[in-house]
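To start, the structure under review is shown below, and the notes come after it.
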Amino acid sequence: MTSSKTSLPNSPKMEQHIRQALIAAAPDLFGAEINDTLIQFQQTRRDMEGDLTLVVFPFVKLLRCSPQEAGDKLKQWIESHIEGVSHCNVVSGFLNIVFTDAYWLEQLNQMQDQPNYGLAPANSKPTVMVEYASPNTNKPLHLGHLRNIFLGASVAEILRAVGHKVVRTQVINDRGIHICKSMLAWEKFSPVNARGERETPANTGLKGDKLVGKYYVEFDRALQIEAKAIMAQWQSGNFSDTPTAIEEAVLNFEKAKEGKDDKAVAALDDKIKELAKNQTAILQEAKEMLVKWEARDPQVYLLWTTMNGWVYAGFDQTYAQMGVSFDKLYYESDTFLLGKDQVMEGIKSDVFYQKPDGSVWIDLTADGLDEKLVLRSDGTAVYMTQDIGTAIDRFKDFPDLHGMVYTVGNEQDYHFKVLFLILQKLGYAWANNCFHLSYGMVDLPSGKMKSREGTVVDADDLMAEVIEKAKEMTQERGHLEGLDNAAREQLYTQIGLGGLKYYLLKVDPKKRMLFNPEESIDLTGNTGPFLQYAHARISTLLEKAAFGPTPLSLTTPMRPEEKEIIKQLALFGTTLEEAAKGYSPALLANYSYELVKLYNTFYQSVKIVIEPDADVRQFRLSLSAKVRQVLAQALGLLGVEAPQRM
RNA sequence: GGUCCCGUAGCUCAGCUGGAUAGAGCAACUGCCUUCUAAGCAGUAGGCCACAGGUUCGAAUCCUGUCGGGAUCACCA
């Protein structure tokens, strides 16, 4: 347990070194063996002198003296025994250790020699599948998808950077009643042009997913109108077209409304509305269409492939703009029947049990969860059945697969908890390597996004808007001379999307976040463009200086700002590992921001290209080059591009 | 009601396995471009870390409870 905790942010190598030296010297120094946990390092406070801090308190009991005395004793020992340590100071129970400048220069020299500094060798760790973006093919992608996709894509890159082989995948929910709704609405409502064609992306110029989404909305509109008419009939006491069971249910709900508060009445009204919707002819038609689809009715199937084809073309365009891609696609239409066999097998091994009506369940009460249905009484699959089947299938598709990451919103926390538990009980050892990368909802200042109420932020629109804004701002203040039009357009895209991605990724994925449209296109402060600007500025600087790396003299004088930067650079590897372990791009975002702030302070306070002293100049250029490289690396892992100039 | 997540500056967020006086950005106010990109830098102001107990030498961090916000508990997906 404790061995995995050895590396701490602050200069991991040195920390390790001192730790081991202390343990080895313990009998002499303390008169007893000491436990590893006694040695606690932390980062030195900014306002104190020091590169690493040892907490003295744990030693106080052992040495039976005051914190000050214990600190002094440790100080003396460390100063005289540890190479690379310049001196120490003891302040109220904390031993601040200062390393020599030569130590830090040597660190930078070593970094300079590593073009892939901080990254683990490719494919040095097992294969992991990362799933993100599980769109429905009945409507376009929106802001929520953007968080999902940027998050998943970034985590995939991060896992790759720490050495995993990664398979990026998405599930496409291409079947079901919601798909039939837009299909039906298109057949019913799409106008026919002079050539006798209904609307298509080709003859309207509309993006495929937008066109299909439009008819999904049309369906809902028609449904609402019809449902309202039915409710009006019910209100007037006319139940002639209504089955008696429904009639009774409606009357019961009506009766229950008496004497209730507004909220309860509204809830009951919703239930009545649900019943009314179920009575509509248009919903019946959609259901019939679904039945036909399942029976592979050629006409319905053709319509389905055609319209889904439009949607995929639209999605591809959106993904291309987002700069994300996938290695393997799973279509729900291929997988929705999976899982039943495993459930039947599971009954035999007593993982599941069957009720008299034929439905199959699992009892998870012993694990603190509920009983959960895994197969309906009519033998058809539920969502869970399918997920069990697909998970198992994926491990068959990729025999060297070690684990999976599902990027899915936190409203499904419970579902995945159950899913992983079931897989475990079915005896799949890899179930322990499955992780639900759960992220919080994206709220708007106006509240929750709701498609019904039209408060959804469309992904394409948002990206276009953000790029347009980047264009305006760049034309205002950018350094674009010598760039042709194509390069300029590319730059606007890099800045706009970079800002958007960074904005969505800098927040802890687990947390629900507020999307403020104005802040998302900000260029100052903790933003993507701020980091990109730093990168561009260093790039032109290095170009101007015609920089080439050479070994640095260990006697080069060093300023505190410069040392801070080397320290931050030294943290890159551990930060990356933590980001991978915690599936959190936000850690890398914050790291990069911190690095750039340190660099900017340095940049504003010294000369670099025009520095007269050759050693100092080379040192500052080398430092700049490493910051640029680590920054580009970190931004890359966030999916943010790093422009050469802006 | 059960379960899970969240509550840190006016706003949006950091704060790692408990550690020194709780940090940024935005918004407000001051300064700094005839030296390398000012999309920058330096500074001022702003906090009972929701509240109350507990554990500890030491708590924003761990435990319990209370209050607020959200999610989820379908033979929906």
Side-chain angles (χ1 to χ4, degrees), chain A residues 1-2 4-5 8-9 37 40 42-48 53 55-58 60-61 67 91-94 96 134 136 173 176-178 332 336 355 357-361 368-370 372-378 380 382-384 386-387 409-415 417 438 440-441 443 445 448 473-474 476-479 495 503 506-508 510-516 518-519 522-527 529-534 536-542 544-545 574-575 578 582 586-587 589-590 593-594 596-597 600-611 624 645-646:
Chain A
M1 284 303 264
T2 48
S4 66
K5 294 181 184 172
L8 249 184
T37 55
Q40 295 170 24
Q42 57 180 287
Q43 227 170 324
T44 307
R45 277 183 65 96
R46 277 192 203 132
D47 48 354
M48 295 288 190
T53 293
V55 184
V56 176
F57 292 106
V60 169
K61 269 185 206 159
V91 182
S92 60
F94 296 89
N96 302 316
S134 4
N136 293 338
N173 298 306
I177 188 74
H178 50 292
E332 202 201 340
F336 79 109
K355 285 190 178 173
D357 65 0
S359 59
V360 181
W361 298 74
L369 303 172
D370 305 306
K372 191 85 190 167
L373 177 88
V374 291
L375 207 59
R376 293 195 189 101
S377 52
D378 63 3
T380 57
V382 289
Y383 185 41
M384 187 63 77
Q386 202 185 131
D387 267 7
N410 64 6
E411 68 272 9
Q412 298 206 35
D413 284 355
Y414 185 74
H415 172 79
K417 211 187 252 185
S438 159
M441 192 165 291
D443 284 323
K448 211 167 153 176
M473 304 306 276
T474 304
E476 209 170 281
R477 61 180 105 181
H479 307 78
I495 295 172
Y503 182 80
K506 72 176 173 184
V507 182
D508 183 344
K510 288 195 301 275
K511 288 191 180 166
R512 171 182 262 268
M513 70 175 288
L514 186 80
F515 183 86
N516 185 327
E518 264 127 59
E519 277 178 25
D522 266 352
L523 307 169
T524 60
N526 189 358
T527 64
F530 172 85
L531 303 184
Q532 291 174 316
Y533 182 75
R537 196 159 63 171
I538 300 173
S539 297
T540 49
L541 188 81
L542 293 173
K544 218 164 259 180
T574 43
T575 305
E578 278 169 28
L587 293 180
N590 290 325
Y593 178 56
E594 213 49 55
V596 165
K597 273 203 299 184
N600 284 346
T601 301
F602 155 77
Y603 178 88
Q604 299 276 354
S605 58
V606 301
K607 294 173 183 159
I608 302 172
V609 180
I610 51 179
E611 163 63 40
S624 302
R645 46 190 297 190
M646 64 187 272

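Numbered from 1 within each chain, the chains take letters A, B, ... in sequence-line order.
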Report task. Report the base-pairing partner of B/U44 (Watson-Crick or G-U wobble, both distances below 3.5 angstrom), or none. Result -> B/A28
Report task. Looking only at side-chain atoms of A/Y593, point me to the closest of B/A24, B/G19, B/C36. Result -> B/A24
Report summary line: Side-chain atoms of A/N96 come closest, of B/U37, B/A20, B/C13, to B/A20
Report task. Determine the minimum heavy-atom distance between A/L531 and A/Y593, stating which atoms define it. Result -> CD2-CA, 3.8 Å
**Report entry** Pair assignment for B/C57, Watson-Crick or G-U wobble, requiring both distances under 3.5 Å
**Finding:** B/G19
Report task. For B/C48 and B/G43, measure between their C1' atoms and round to the nearest Å. Result -> 27 Å
**Report entry** Sugar-phosphate, base or nothing in reach of A/T540, heavy atoms under 4.0 Å
**Finding:** base
Query - Upstream residue (5' side of RNA chain B) when A/R477 and A/D47 are each assigned their closest nucleotide - result: A/D47
Query raised in the report: Are A/N600 and A/R537 close enough that a side-chain donor and a side-chain acceptor fall under 3.5 Å?
Result: yes
Query raised in the report: B/C4 and B/A52: how far apart are their P atoms, nearest whole angstrom?
Result: 25 Å
Query raised in the report: Using atom P of each nucleotide, how far apart are B/G2 and B/G65 to the nearest Å?
Result: 11 Å
Report summary line: In Watson-Crick or G-U wobble terms, with both distances under 3.5 Å, the base opposite B/C51 is B/G65
Report task. Using only side-chain N and O atoms of A/K597, determine if any of them is under 4.0 Å from OP1 or OP2 of B/G40. Result -> no
Requested in this report: In plain terms, say whether A/E411 and A/R512 are close enough for a salt bridge, that is, a side-chain N and a carboxylate O under 4.0 Å apart.
Outcome: no
Query - Between A/Y503 and A/N516: side-chain donor-acceptor atoms closer than 3.5 Å - result: no
Report summary line: Between CG of A/L514 and P of B/G10 the distance, given in whole Å, is 17 Å
Report task. Give a yes/no answer on whether the side chain of A/T601 brings an N or O atom under 4.0 Å of OP1 or OP2 in B/A42. Result -> yes
Query raised in the report: Checking all strands, does A/A586 fall into the base, sugar-phosphate, or nothing category for heavy-atom contacts under 4.0 angstrom?
Result: nothing
Report summary line: 5'-most contact on RNA chain B (nearest-nucleotide basis), A/T474 vs A/V55, goes to A/V55
**Report entry** Atom-to-atom span, CZ of A/R512 to P of B/G70 - whole angstrom
**Finding:** 8 Å
Query raised in the report: For the side chain of A/T527 and the base of B/A39, is some donor closer than 3.5 Å to an acceptor across the two?
Result: no
Query - OP1 or OP2 of B/A38 under 4.0 Å from side-chain N/O of A/R537 - result: yes
Query raised in the report: Roughly how far apart, to the nearest Å, are B/U12 and B/U21 at atom C1'?
Result: 25 Å
Report summary line: The nucleotide from B/C13, B/G40, B/A20 with an atom nearest the side chain of A/Q42 is B/A20
Requested in this report: Taking only the side-chain heavy atoms of A/M646 (C-beta and beyond), determine which of B/A38, B/A20, B/A39 contains the nearest atom.
Outcome: B/A39
Query raised in the report: Between A/D522 and A/T524, does any side-chain donor sit less than 3.5 Å from a side-chain acceptor?
Result: no
**Report entry** d(CZ, A/R46; C1', B/U21) in whole Å
**Finding:** 14 Å
Query raised in the report: Which nucleotide sits closest to the side chain of A/M48: B/A39, B/C13, B/A20?
Result: B/A20
Query raised in the report: Does any nucleotide pair with B/C4 by Watson-Crick or G-U wobble geometry, both distances under 3.5 Å, and what is it?
Result: B/G70
Query raised in the report: In terms of side-chain geometry, is the basic nitrogen of A/D357 or A/K355 positioned less than 4.0 Å from the acidic oxygen of its partner?
Result: no
Requested in this report: For B/C26, take OP1 and OP2 only and decide whether either is under 4.0 Å from a side-chain N or O of A/T524.
Outcome: yes
Query raised in the report: When rounded to the nearest Å, what value does the distance between P atoms of B/G69 and B/A74 take?
Result: 24 Å
Query - Candidates B/G15, B/U37, B/C13 - which lies nearest the side chain of A/V507 - result: B/C13
Query raised in the report: Is there a donor in the side chain of A/S438 and an acceptor in the side chain of A/D413, or the other way round, less than 3.5 Å apart?
Result: yes
Query raised in the report: Does the side chain of A/L375 reach to within under 4.5 Å of the side chain of A/V382, using non-hydrogen atoms?
Result: no
Pairwise N/O distances under 3.5 Å, protein to nucleotides 73-77 of chain B:
| unit_1 | atom_1 | unit_2 | atom_2 | d |
| --- | --- | --- | --- | --- |
| B/C73 | O2' | A/D370 | OD2 | 3.2 |
| B/C75 | O3' | A/R376 | NE | 3.3 |
| B/C75 | O2 | A/S377 | N | 3.1 |
| B/C75 | O2 | A/S377 | OG | 3.0 |
| B/C75 | N3 | A/S377 | OG | 2.9 |
| B/C75 | N4 | A/D357 | OD2 | 2.1 |
| B/C75 | N4 | A/S359 | OG | 3.4 |
| B/C76 | OP2 | A/R376 | NE | 2.8 |
| B/C76 | OP2 | A/R376 | NH2 | 2.7 |
| B/C76 | O3' | A/R376 | NH2 | 3.4 |
| B/A77 | OP1 | A/R376 | NH2 | 2.9 |
| B/A77 | OP2 | A/R376 | NH2 | 3.2 |
| B/A77 | O3' | A/E332 | OE2 | 3.4 |

Query raised in the report: Taking atom C1' in both B/G47 and B/G10, what distance in whole Å separates the two?
Result: 12 Å
Report summary line: A/N526 CG to B/G23 P, in whole Å, measures 17 Å
Query raised in the report: If you look at every strand shown and take non-hydrogen atoms under 4.0 Å, does A/V360 touch a base, only sugar-phosphate, or nothing?
Result: nothing
Query - Residue A/F530, side-chain atoms from C-beta onward, closest of B/U35, B/G40, B/G19 - result: B/G40
Report summary line: note: A/F602, atom CZ; B/C36, atom P; distance rounded to Å ~ 15 Å
Query - Nearest-0.5 Å distance that lies between atom OH in A/Y383 and atom CD in A/Q412 - result: 4.0 Å
Query - Separation of B/G15 P from A/D508 CG (nearest whole Å) - result: 7 Å
Query - Conformer about C1'-N of B/C11 - syn within 90° of 0, anti elsewhere - result: anti
Query - Residue pair A/D370 / A/Y414, side-chain heavy-atom distance below 4.5 Å - result: yes
Query - B/A28 versus B/G68 - spacing of their C1' atoms, nearest Å - result: 30 Å
Report summary line: From CZ of A/F515 across to C1' of B/C11 the rounded distance in Å is 16 Å
Query raised in the report: A/K511 near the nucleic acid: base, sugar-phosphate alone, or nothing, with a heavy-atom cut-off under 4.0 Å?
Result: sugar-phosphate
Query - Side chain of A/Y603 - closest among B/C26, B/A38, B/A42 - result: B/A38
Report task. Verify whether one side chain among A/H415 and A/D387 offers a donor that lies under 3.5 Å from an acceptor in the other. Result -> yes
Requested in this report: Figure out the CD/P separation between A/E411 and B/G69, and round it to whole Å.
Outcome: 20 Å
Query raised in the report: Which of the following nucleotides, B/A38, B/C13, B/A39, is nearest to the side chain of A/M513?
Result: B/C13
**Report entry** Closest approach of A/N410 to A/G440 (non-hydrogen atoms, all atoms of both residues)
**Finding:** ND2-CA, 3.6 Å
Requested in this report: Sticking with atom P, work out how far B/C73 lies from B/A59, rounded to a whole angstrom.
Outcome: 40 Å
Query raised in the report: From the list B/U3, B/C41, B/A20, which nucleotide is the closest neighbour of the side chain of A/F94?
Result: B/A20
Query - Watson-Crick or G-U wobble mate for B/A38, both contacts under 3.5 Å - result: none
Requested in this report: Look at the side-chain N and O atoms of A/N600 and state whether any lies under 4.0 Å from the OP1 or OP2 oxygen of B/C41.
Outcome: yes
